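Here is the structure we will look at.
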Amino acid sequence: MTSELDIFVGNTTLIDEDVYRLWLDGYSVSDAVALRVRSGILEQTGATAAVLQSDTMDHYRTFHMLERLLHAPPKLLHQLIFQIPPSRQALLIERYYAFDEAFVREVLGKKLSKGTKKDLDDISTKTGITLKSCRRQFDNFKRVFKVVEEMRGSLVDNIQQHFLLSDRLARDYAAIVFFANNRFETGKKKLQYLSFGDFAYCAELMIQNWTLGAVGEAPTHPDSQVDDMDVDLDKEFLQDLKELKMLVADKDLLDLHKSLVCTALRGKLGVFSEMEANFKNLSRGLVNVAAKLTHNKDVRDLFVDLVEKFVEPCRSDHWPLSDVRLFLNQYSASVHSLDGFRHQALWDRYMGTLRGCLLRLYHD
Amino acid sequence: MPGKLKVKIVAGRHLPVMDRASDLTDAFVEVKFGNTTFKTDVYLKSLNPQWNSEWFKFEVDDEDLQDEPLQITVLDHDTYSANDAIGKVYIDIDPLLYSEAATVISGWFPIYDTIHGIRGEINVVVKVDLFNDLNRFRQSSCGVKFFCTTSIPKCYRAVIIHGFVEELVVNEDPEYQWIDRIRTPRASNEARQRLISLMSGELQRKIGLKVLEMRGNAVVGYLQCFDLEGESGLVVRAIGTACTLDKLSSPAAFLPACSSPSKEMKESPLVHPPSHGCRSTHNSPIHTATGSRLTQNFSVSVPTLIYTGMGSGSAGKEGGPFKALLRQQTQSALEQREFPFFTLTAFPPGFLVHVGGVVSARSVKLLDRIHNPAFVGIMGNTRSYKLLDWNSFNSDEPETRDAWWAEIRQEIKSHAKALGCHAVVGYSESTSICEEVCILSASGTAAVLNPRFLQDGTMEGCLEQRLEENLPAGCGFCHIPYDELNMPFPAHLTYCYNCRKQKVPDVLFTTIDLPIDATVIGKGCLIQARLCRLKKKAQAEANATAISNLLPFMEYEVHTQLMNKLKLKGMNALFGLRIQITVGENMLMGLASATGVYLAALPTPGGIQIAGKTPNDGSYEQHISHMQKKINDTIAKNKELYEISPPDISEEIIGSPIPEPRQRSRLLRSQSESSDEVTELDLSHGKKDAFVLEIDDTDAMEDVHSLLTDVPPPSGFYSCNTEIMPGINNWTSEIQMFTSVRVIRLSSLNLTNQALNKNFNDLCENLLKSLYFKLRSMIPCCLCHVNFTVSLPEDELIQVTVTAVAITFDKNQALQTAKTHVEKSLQRASTDNEELLQFPLELCSDSLPSHPFPPAKEHLESASSNSGIPAAQRDRCSSWIELIKLKAQTIRRGSIKTTVTVEKASPMGEGNFRNRSTPPCANSTVGVVKMTPLSFIPGAKITKYLGIINMFFIRETTSLREEGGVSGFLHAFIAEVFAMVRAHVAALGGNAVVSYIMKQCVFMENPNKNQAQCLINVSGDAVVFVRESELEVVSTQQPTTNCPPSCAGGEVTT
């Protein structure tokens, strides 16, 4: 006696959250059954393995049919085939678009192309995430990227509108899209200590301040969808950053800057002497990073540079985070007192964001 | 030209990409009704076209309005080649033809293609202007309302229940026409869908005409079926119960509505009567039948119960004369009818007087090919299949089928007579076809009815008044309707445990729902008998004979199994019994489902005793006693499980007045088999009602084993195949209707009956287990209206289809009720006794006086106030359902908290999200449409019936593997069928389908060719319901699963 056909169709589509997770995680039906057995469900419910197998198959089939709709979540809302309560629809979408930290760290900043897709095997081996799940996550990134890439208006809003994600997840996707578009290098060894959250935080700041969308009107204002683009960095701004170079090129200015900072921080900083000794290096590092951003290649290396030029030196001198904060605040603010320096607004736009990023990046 | 149909095509969405080059579609729409077609403009390059067409107007006869579906075809325009069809929508405009139903059909309909399934949606608006037609000889029957519901619909009152209406129409099946060889599968499927749609329309119209003739205005319990006879054609047949219904003005009024009849009737349960014994007779196993076309005619009646009741003997003398009078009256009312049958399964209070038992008849027929060359000629013509065409060609066909059914009905009628009943209720008909053999089956419950509903009440006044003196009842329907001294079969009668005045049988089998006023102890449960018998492959007449020979044995065995399982559950009555016999190439399958209950009026069932045949063998003895112990344990466990604890008062009181000596009830073997039974065991020393199973051969062993293999549902689950679960009456509002299909392939080697039985049994049991597992999140809940259908699509395949609804209930409340229930029944029993003392003392003077009963009146009052079916309230609350609803509602209010927590159960649980805001998709635009096989929706009030939904779909694929194999294919198809039903209901302005039934699910596969085909036929009543909480509490929280009232309006928009 073999089962040829075995289905269950409810007027309201049954969604089992646990099975959904197993499916998302890319387990085959038999693996999923084994995992469910291990969870002790048979004992709890008195069911048999055959029942579990049939149930799992059924759910997998349903998810498979739903997958097509999940690729364009608004379709899930308007379709008539599966009657699913709104809260469940939200759950389906949210979970489908959720991703693994380990995976996203591997892919963040890479081009979402066929080539990268081919590397998924390695990523799967490295992270222990099933290949199937890697593919889903990768395809999600790519799908979102494709849809919002050329779109005007706020990146987060666009993602939310087209994929019906929660605010949090939409922000994460905005970061992924932003990184993929600008191809920031995140995979270098010295960047390994950074989490996706760190990068996402920086991305958000950069989107708010350094993109075309950030120009002019208040960037966070939801109505400012006129002409702004959140995905690309503001080229003009990057060009202008060259002007900051005089802060380190002009020796007087650099000395003045240093003395302003040192005066203000004396006695307040645990690592004052180290700071004093390193001031010029640090300042050169930060300003040079800015000046180099005209080249795409250097844009990609932004995070590597920041870590090399600022985070690592401070860390080797054991600066506590509070000292870093004090220093950066003072470092940014003191520029306003430099009479010979005319690019105050530019400096603020650059340093405001950079300060936020550096503070976030400064940890072990 | 009495009608104008107006159609507007608004827009489309989610269309498939038809042009690969542009990834877009140039869509336009053809709107066709009868022979008139309109087209919209082509909307270029869009998957979401906005046609916004003018109003297309069709001027048509109302006859056509009833017969024809509106056909909407969406196409992709192609300049150079033929336009490609995207898909179609058929809209039945019947609901627009009654005054009270829908006034407009408007909404998004899935665009359906028989090869690709649903491909996008189309927004359509349909209206009808009807002109009054005073022509008396009209052919249409617009205005007659149809209901699938097998009880009087909730917002109506039955003025008169006229009785049985039936009709059938026949046509050649397009799939078997010569042209089918040269047309595409799509064209063939569409021809079939359209033909069946036409035939259903015609059938409905004809039935409507009959109803008008009877001066009725509605058909209740309308059941339409298709017989796919293959080469010999396609039969569409329908039965129903003609009624005159009155719309209740305000929804609140429906209480009185039902109760007004009940008021009078209520006390009138006339006279006593019926009961049932258990018997199984087989008359005339085979007669050779008429003419050459049908070879065998064979019928079995398995009545099961007896009935009778005339006031003969000691039975209530008071009742006697009235009873006779009543009987006369009823008879005259019924005798005017050819078939006093009723497809209803639930009745207005007082309608059902006594129940006699199940009557059934089967007949094996050979289907004959239609030889009609002229016919083929016409059909080949591409014109539409106008029904007149084929009517004129094979006009003899319907008659043949009519004659077949008439024969069967006649037999049913005579079986009912034999049980002393003049009517059959809960009547249904079915067929099973394999190749050219067809088994026709009919079954119902013999009953005595109250004449008041059957005619314009003229003469009842006095009668009723006098009858009112008789005791009310809860037990009246159990009393035997037949004459005790002249019983049609041996049975064991006792005095009713409730009123103690009338005789009742020891077991009662019926096809109806549990009457609302019946007193039940404990809970009910689903009981199934399952059976397979191998048969030789044979051709034509030999095959029919073989089947005919097997049928009586199958009936008998099914009956035995049911009886055994019933005893094992410690119960004494079956409701909703449905026995399905399915014929296949090399086997017959029997599946009986029913809901077992413990009726307080019937005696406590005895246990089951096992007797061995070779008492000297020690180890054998041991084995037997081991089995016996197991059985006893199971019975005890079941009693506990189903909370069956009848008041223990019976023995002395009831024991003695029975004239017969203590009689054991044992399985009655049919004549044919009794020759095998050699020994008569003397078991009279045993417990009085012991039910004896003789283990004399392996078959019997197997029986016993199978008895014990049925596993009870996990705790928190109950199941039944009736509308309502006896003993549970505090439903909460969550419902989940589902269909589950399983097909197993038998290993063809060494198939024995035993192996087959085991496979089949496992299949059903596993299916049930899977259901329990899947629905575990709803616990505590009850599977209601569990409907199993078995078919044998191929040699080694068995297909089982189950449709049911899971309904949650409040556990705490249930416990409480259960407790009071028991108390109540205790008290009730005593009350009854006390009342009893007041007059028929002489009957039982020996036994009664020894039991002084406490004054029970006030107990009764108090008990009834918290119990489910308060006797005292019965006058006010006419229907049990009503009560349930009231109850459910109070409960809901009390338990809002729990509901809410369940619902917000962490939509997202991932740890790596920081703060969450509500996802933006909280408001979906698609309104929720509930579906249920029941006639009601827990916690809600049906405010309007919008019309019948009757849909037939075919789906075919030539890429089975790509669609996920047979499971993927059928899963998707059933989901699509649900979607289309919901869309139609929503377009009518409804938010639920009640009395939903999947009448057919024919699945055929050819994996080698990567092909499969499936036909599904579903029906139900589209309704508008309103949550009771919304009626009273002004917008308090409402569980989100409910449809908000606003979507009751149903227009689904983007």
Side-chain angles (χ1 to χ4, degrees), chain A residues 1-14 16-17 21 45-48 50-52 54-55 57-58 61-62 64-65 73-91 93-95 98-101 160-161 164-170 172 196-197, chain B residues 13-14 108 110 118 121 714 736-747 759 762 766 769-771 773-774 776 797 903-904 907-908 910 912-926 928-931 964 966-968 970-972 974-976 978-979 982-983 1040-1041 1054:
Chain A
M1 182 177 92
T2 49
S3 220
E4 284 272 303
L5 184 160
D6 178 5
I7 56 162
F8 175 99
V9 190
N11 183 38
T12 303
T13 306
L14 279 185
D16 184 310
E17 292 184 39
R21 195 180 295 274
T45 59
T48 63
V51 165
L52 205 57
S54 140
D55 180 67
M57 288 279 284
D58 228 40
R61 206 164 36 239
T62 307
H64 183 73
M65 285 190 265
K75 271 194 186 163
L76 185 69
L77 261 67
H78 294 123
Q79 55 84 30
L80 302 177
I81 297 180
F82 302 97
Q83 184 159 274
I84 304 173
S87 64
R88 291 260 132 180
Q89 287 179 344
L91 174 132
I93 297 169
E94 194 76 4
R95 291 262 176 92
F99 47 82
D100 291 307
E101 167 86 22
Q160 238 173 345
Q161 194 187 336
L164 309 174
L165 303 180
S166 67
D167 185 55
R168 183 60 259 153
L169 195 52
D172 286 348
F196 170 72
Chain B
R13 68 181 182 197
H14 306 150
W108 288 99
I118 290 178
E121 291 120 37
Q736 166 72 292
M737 189 282 296
F738 59 85
T739 291
S740 184
V741 184
R742 271 194 193 188
V743 177
I744 56 161
R745 183 175 293 279
L746 302 161
S747 54
N759 279 334
D762 289 351
N766 289 340
K769 274 186 218 156
S770 272
L771 298 181
F773 181 75
K774 282 213 171 280
R776 66 192 184 282
L797 295 184
E903 257 148 37
K904 67 176 168 204
M908 319 137 213
E910 244 114 277
N912 63 341
F913 298 143
R914 288 152 269 183
N915 49 6
R916 299 219 153 160
S917 58
T918 339
C921 52
N923 17 344
S924 154
T925 52
V926 181
V928 174
V929 175
K930 300 221 169 202
M931 293 169 73
V966 286
S967 295
L970 194 59
H971 190 148
I974 291 178
E976 286 174 344
F978 286 180
R982 288 192 301 256
T1040 57
T1041 47
T1054 338

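Keep in mind the model is a prediction, meaning the values are calculated, not measured. Every chain is numbered from 1, with letters handed out A, B, ... down the list of sequences. Just the heavy atoms: all of them, side chains too, but no hydrogens, waters or symmetry mates, feed the values below.
Contacts between A:D16 and chain B at a heavy-atom distance below 4.5 Å involve the side chain alone, from C-beta outward. Residue B:I118 touches chain A through its side chain alone, counting heavy-atom pairs closer than 4.5 Å.
Taking all atoms of both residues into account, the shortest heavy-atom contact from A:V9 to B:F978 is O-CE1, 3.5 Å. Taking each heavy atom of B:A979 and A:I81 in turn, the nearest pair found is CB-CA, 3.6 Å. Scanning all heavy atoms of the two residues, the minimum distance from A:N11 to B:Q736 falls at N-OE1, 3.3 Å.
With respect to chain A, the highest number of heavy-atom pairs below 4.5 Å among B:H971, B:R776, B:M737, B:E976 belongs to B:H971.
The salt bridge (charged side-chain N to carboxylate O under 4.0 Å, His left out) test applied to A:D55 returns A:R36, B:K774, not counting sequence neighbours. Every residue meeting the ring pair (Phe, Tyr, Trp, His ring centres under 6.0 Å) condition with B:F738, not counting sequence neighbours, appears here in chain and number order: A:F8.
Here B:F773 contributes atom CZ and A:L52 contributes atom CG; the two are 5.0 Å apart, rounded to the nearest 0.5 Å. Atoms CZ and CG, on B:R745 and A:L5 in that order, are 11.0 Å from each other to the nearest 0.5 Å. From A:K75, atom NZ reaches atom NE2 of B:H14 across 6.5 Å, with rounding to the nearest 0.5 Å. Taking OG1 of A:T48 as the start and NZ of B:K769 as the end, the distance is 5.5 Å to the nearest 0.5 Å. Annotation: the span from A:D58 atom CG to B:S770 atom OG amounts to 8.0 Å, rounded to 0.5 Å.
A:R61 is listed as a side-chain neighbour of B:S967, based on a closest heavy-atom distance under 4.5 Å.
Evaluated for a side chain to side chain contact (heavy atoms under 4.5 Å, CB included) with A:Q83, the options B:R982, B:K930, B:M931 yield exactly one hit, B:R982.
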